[in-house]
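Just below is one structure, and these are the notes that go with it.
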Amino acid sequence: MTSPQQPQPQPQPGAPGTGAQPMPPSAPESATPPPSAPVPAPGPAPTAGPMPPASPELSTPFEQGGPPSPAAEEPGTMLLQAQAQPQPAPVKEAGTMMLQAQPPAGGHPEPRPLAAHGPGAQGKEGGTMMLTVPAPPQAQPQLPQQPPQAPQAPQAPAPQPPQQQPVGANWQAGNVGYVSPIPVRPTHLGHALAAEWTKIRSVRSTIWTLGVMLVLIVGIGLLTTLALGSERKMDPLLAVGFVGVLLGSLCVITLGVLSISSEYGTGLIRTTLTACPSRARMLTAKAIVFFGLALVITTLATTVVALLDFAMLNGPAPSADAWLRSTVGAGLYVALLGLLALSVGALLRHSAGAISAMMGLVLLPMLLALFLQGESLRSLQKGMIEYSVPNAIATLYGIPFMPDGPSGWTPLLVLAGVTAVALGGAYAALTQRDV
């Protein structure tokens with residue numbers, strides 16, 4: 001790099017690093033040296049005199065500690081050097097620029113500006129420019145700074161925050177230090193009952209099926225009572241409600257199947273079993289909620305019909321056992337039919353298939369018994385009629401189809417045994433099969 005304030009140096013014949021040496025211009029033929037002029041001795045070409053400093057800003061001395069340049073530079077050249085640790089310096093040529101790193105003498109060295117010097121200044125060649133590049137300081141470990149303590153004022157001490165209790169492991173997050181904002185409580189059957197009650201009362205199938213059942217039981221009972229009037233004597237007096245209860249039981253059967261099979265059809269059973277992993281608890285909650293709802297609604301309907309018959313019909317006053325069998329007994333029998341339908345729905349997991357199977361169980365034995373003729377089939381025909389659902393409901397009202405068949409509360413006990421077996425099979429199937 002050439003300084004703008006210095007004249008351009010002329011390449012010398014003997015200077016190293018130059019290329020082809022230019023021929024010096026020939027003198028005119030007429031210009032001959034005088035004979036008295038001494039002939040100069042061969043030797044190095046004379047060099048230019050010292051150059052003045054370029055500017056006051058660049059007149060700082062060179063950086064000490066670097067080795068002297070072994071080769072001589074031409075006047076007017078400018079070198080950019082950075083001092084490094086003592087090592088053999090490469091041979092520099094005129095017009096070259098070198099950058100060397102100089103290790104810090106100690107601590108954080110202060111940066112020094114560029115400097116231009118003349119020949120022979122501190123062992124540097126004339127016209128060279130040195131650039132000192134300080135090495136980055138070594139990172140020293142920073143000690144944690146203590147915050148300055150405020151001077152204690154003569155006042156009341158600041159209230160200390162309440163000490164937090166050690167947090168135990170959270171089984172939901174798997175992290176010891178995390179506490180869920182949702183209160184974690186151990187689940188029990190009451191939570192499952194609340195969930196099943198929310199589901200059964202918020203679906204439209206419950207309103208439709210139970211509404212139709214109420215219309216059938218109360219409506220048919222009221223119409224029959226108005227048709228008979230008080231002129232005809234009825235014995236037993238409460239037997240008028242039989243037809244309405246038989247038709248209303250079909251609605252309860254449908255609701256029992258839909259209360260569990262609809263969850264398999266829509267995929268809600270996955271959410272149910274995720275919220276309640278205990279499948280036995282889930283099925284128990286469904287059975288309790290459905291059985292209780294069906295028992296209450298059916299018992300209320302049969303009680304209303306029994307009161308209407310007692311007030312509007314003519315006949316002997318029913319006994320306490322007759323009142324219980326025609327109201328609570330009929331309600332229990334219909335609720336058990338619905339619970340049996342729920343068990344069949346859990347076994348089949350299909351709404352149409354489970355409803356068809358329950359309709360066949362209720363109506364098919366009586367219809368088949370009507371077509372069984374002959375002495376050899378008489379016993380089979382009699383047994384199918386005695387243990388059919390219509391005959392069981394008629395027995396609770398005191399009007400059995402077969403006088404020699406079950407009487408009193410026996411049909412209710414038979415149905416309770418069948419329902420218990422079906423419900424046990426539903427528990428076994430639900431815990432063994434996948435969703």
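Not measured: the values here are computed from a predicted model. Heads up: numbering here begins at 1 and tracks the sequence. What you see below is based on every heavy atom in this structure, not just the backbone, and it leaves out hydrogens, waters and symmetry mates.
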Side-chain touch [X]/[Y], heavy atoms, less than 4.5 angstrom:
X	Y	answer
Leu337	Leu415	yes
Arg325	Thr395	no
Leu336	Leu340	no
Arg378	Leu372	no
Thr254	Met359	yes
Leu361	Val344	no
Val240	Val305	no
Pro406	Tyr387	yes

Using the side chain to side chain contact (heavy atoms under 4.5 Å, CB included) rule, take Leu258 and Ser351 through it: C-alpha gap first, then chi angles, then the decisive distance, then the call. CA-CA 6 Å; Leu258 292 177; Ser351 299; 3.8 Å; yes
Atom CZ of Arg270: over 12 foreign heavy atoms under 6.0 Å: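 For Arg270, atom CZ is not crowded (no more than 12 foreign heavy atoms under 6.0 Å).
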Around atom CZ of Phe291, are there more than 12 heavy atoms of other residues, nucleotides or ligands at under 6.0 Å?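 Yes, because the 6.0 Å sphere around CZ of Phe291 holds more than 12 heavy atoms from other groups.
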Side chain to side chain contact (heavy atoms under 4.5 Å, CB included) evaluation trace for Ile217 with Leu247: CA-CA 8 Å; Ile217 295 178; Leu247 295 179; over 6 Å; no
Could you walk me through whether Leu250 and Met213 pass the side chain to side chain contact (heavy atoms under 4.5 Å, CB included) test, one step at a time? CA-CA 8 Å; Leu250 302 179; Met213 185 200 70; over 6 Å; no
Value rounded to 0.5 Å, distance of CG in Asp309 from OG1 in Thr225: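 Output value for this atom pair is 4.0 Å.
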By side chain to side chain contact (heavy atoms under 4.5 Å, CB included) - contacts of Val203 (at least two apart):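 Once residues adjacent in sequence are excluded, the partners of Val203 under the side chain to side chain contact (heavy atoms under 4.5 Å, CB included) criterion are Ser205, Thr206.
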Quick one about Thr187 and Arg281 (side-chain donor to acceptor, distance below 3.5 Å, no hydrogens or angles considered), yes or no?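 Yes, because at least one side-chain N or O of Arg281 sits under 3.5 Å from a partner of the opposite role on Thr187.
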Would you check if there is a donor-acceptor pair between the side chains of Thr272 and Lys199 at a distance under 3.5 Å?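 Yes, a side-chain donor-acceptor pair sits under 3.5 Å.
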What do the steps show when you test Lys382 against Asp404 for side chain to side chain contact (heavy atoms under 4.5 Å, CB included), and what is the final call? CA-CA 10 Å; Lys382 182 179 179 182; Asp404 298 335; 4.0 Å; yes
What pairs meet the side chain to side chain donor-acceptor pair (under 3.5 Å) rule with one or both residues in residues 284-302, with sequence neighbours excluded?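 Qualifying pairs, neighbours excluded: Glu196-Lys286, Glu263-Lys286, Thr284-Tyr427.
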Does anything in residues 325-355 pair up under ring-ring contact (aromatic ring centres under 6.0 Å, His included), and if so which pairs, sequence neighbours excluded?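 Listed once each, the pairs would be none.
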